[in-house]
Trainee: 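Please see the structure below; I have some questions.
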Amino acid sequence: MATELRLNLPLEQPYNLAETLYSGQAFRWSTIQSLEEESIYEGIIYGRRITLCQEKKNILVTAYPTRENPLSESELRGLINSYLRINDDLEGFYKRTASDEYLQSSIKTYRGLHLLKQEPWECLVAFICSANNNIPRIRLLMDRISAACGPVINDTKGLYNSFPDAKSIALLGESGLRDLGLGFRAKYVNHAAQIVSQQQLNLKKLIGSPYLEAYESLISIRGVGDKVANCVMLFSLDQDNSFPVDVWIRRVLREEYVPKEETVRDVGLREWAQKKFGMDSGYVNQYLFQKRRLETNV
DNA sequence: ATCGAACCTCCAAT
DNA sequence: AATTGGAGGTTCG
């Protein structure tokens, strides 16, 4: 009887696990052990509880198999490689942006910061919840939704709730979601849950699809505008040329990039950046966001 | 077309 | 101790 599955992932590219897990793209990671250099993070990836720990050029992975759903080492390896985007060519990205002073400064501080590849449905709900909210509250809402109707998983470490599918959330309905504290977002999450569970929208089909196709599908959902659509595309649909413009990105673009006279609104800023950065847009966004949010006040 | 105001809830700052 | 302001946005008028 296997109790847990351990894996050592050697890194060939820079990776900064701590910055990556807490860079505002994923909301259900927690630090379960905090040591001087090597902290242990616990989260749920594709329904499975995982702990991660980085030591220099390795990431240590632990998975806790369930009786009904065992996991092989190679499956786990694939899972983590995909989620953490281990093989992204960051060095290449750093080189291509070598002449960009602001980016280089961010890269210097947050070297190894990665985009994550999350599950589309969970990602969509999280970013609908992000509207006019702060990160601790987004986290709280995601936890409450999971506790309310997420499947209970019993692995070798104990019990936990993984994130519910669209059908389960649709069953909660708008009022159920309001009771969890979603506020005006309840209507939107419910609507999304309805159309996804009724298969009027297949999020997985948008993975790697043409940008506009994914974009149009997503903004047809109530509560999903330009920013949220781009977040979902960037963090779960392999749309690396996405460029979500939030308050921090708006500031840094206005301060450092776009000429002062130009009075462009958010969509204009996004298109401007996408034209400039192309397929690097997503990574550029993440590095700009991290620096501007963490280092400068309003 | 464009521009504010309103939207739920919670928590931190008066 | 009660009140106000505001948070990674979107929709509606």
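Here is how names work: the chains are called A, B, and so on, in the same order as the sequence lines, proteins then strands, and each is numbered from 1.
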Trainee: Return whichever of A:Arg137 or A:Asp226 has its heavy-atom-nearest nucleotide of DNA chain C closer to the 5' end.
Mentor: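 On the 5' side of the pair lies A:Arg137.
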Trainee: Expressed in whole Å, how much space separates the P atoms belonging to C:dG8 and B:dC3?
Mentor: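 Between the two P atoms, the distance is 23 Å.
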Trainee: Report the relative orientation of the aromatic rings in A:Tyr287 and A:Tyr283; use parallel for angles under 30°, tilted for 30 to 60°, perpendicular for over 60°.
Mentor: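 Ring orientation of A:Tyr287 relative to A:Tyr283: tilted.
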Trainee: Atom CZ of A:Arg222 and atom P of B:dC7: how far apart are they, to the nearest Å?
Mentor: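 One finds 15 Å between P of B:dC7 and CZ of A:Arg222, rounded.
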Trainee: Just to confirm, is there a sub-4.0 Å distance from OP1 or OP2 of B:dC7 to any side-chain nitrogen or oxygen of A:Arg185?
Mentor: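 For B:dC7, neither OP1 nor OP2 has a side-chain N or O of A:Arg185 closer than 4.0 Å.
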Trainee: Would you sketch DNA chain C in dot-bracket for me? Only Watson-Crick or G-U wobble pairs with both distances under 3.5 Å count, crossing pairs as [ ], other-strand pairs as |, the rest as dots.
Mentor: .||||||.|||||
Trainee: Flag the pair A:Arg178 and A:Glu174 as a salt bridge only when some basic side-chain nitrogen lies within less than 4.0 angstrom of an acidic carboxylate oxygen.
Mentor: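 Salt bridge flag = yes for A:Glu174 with A:Arg178.
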Trainee: Which is true for A:Ile249 with a 4.0 Å heavy-atom rule: it touches a base, it touches only sugar-phosphate, or it touches nothing?
Mentor: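 Since no nucleic acid heavy atom lies under 4.0 Å of A:Ile249, the category is nothing.
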Trainee: Do A:Asn154 and A:Arg67 meet the criterion of a side-chain donor-acceptor pair at a distance under 3.5 Å?
Mentor: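 No pair is found: no donor N or O on one side chain lies under 3.5 Å from an acceptor on the other.
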Trainee: Could you give the start and end, 5' to 3', of the contact zone on DNA chain C for chain A, using atoms under 4.0 Å from its heavy atoms?
Mentor: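 The footprint of chain A covers C:dA7 to C:dC12.
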Trainee: In whole Å, what separates the C1' atom of B:dC10 from that of C:dT11?
Mentor: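 Here B:dC10 and C:dT11 have their C1' atoms 22 Å from each other.
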Trainee: For A:Arg265 and B:dG4, is the shortest distance between a side-chain N/O and OP1 or OP2 below 4.0 Å?
Mentor: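 Looking at the OP1 and OP2 atoms of B:dG4, neither is under 4.0 Å from any side-chain N or O of A:Arg265.
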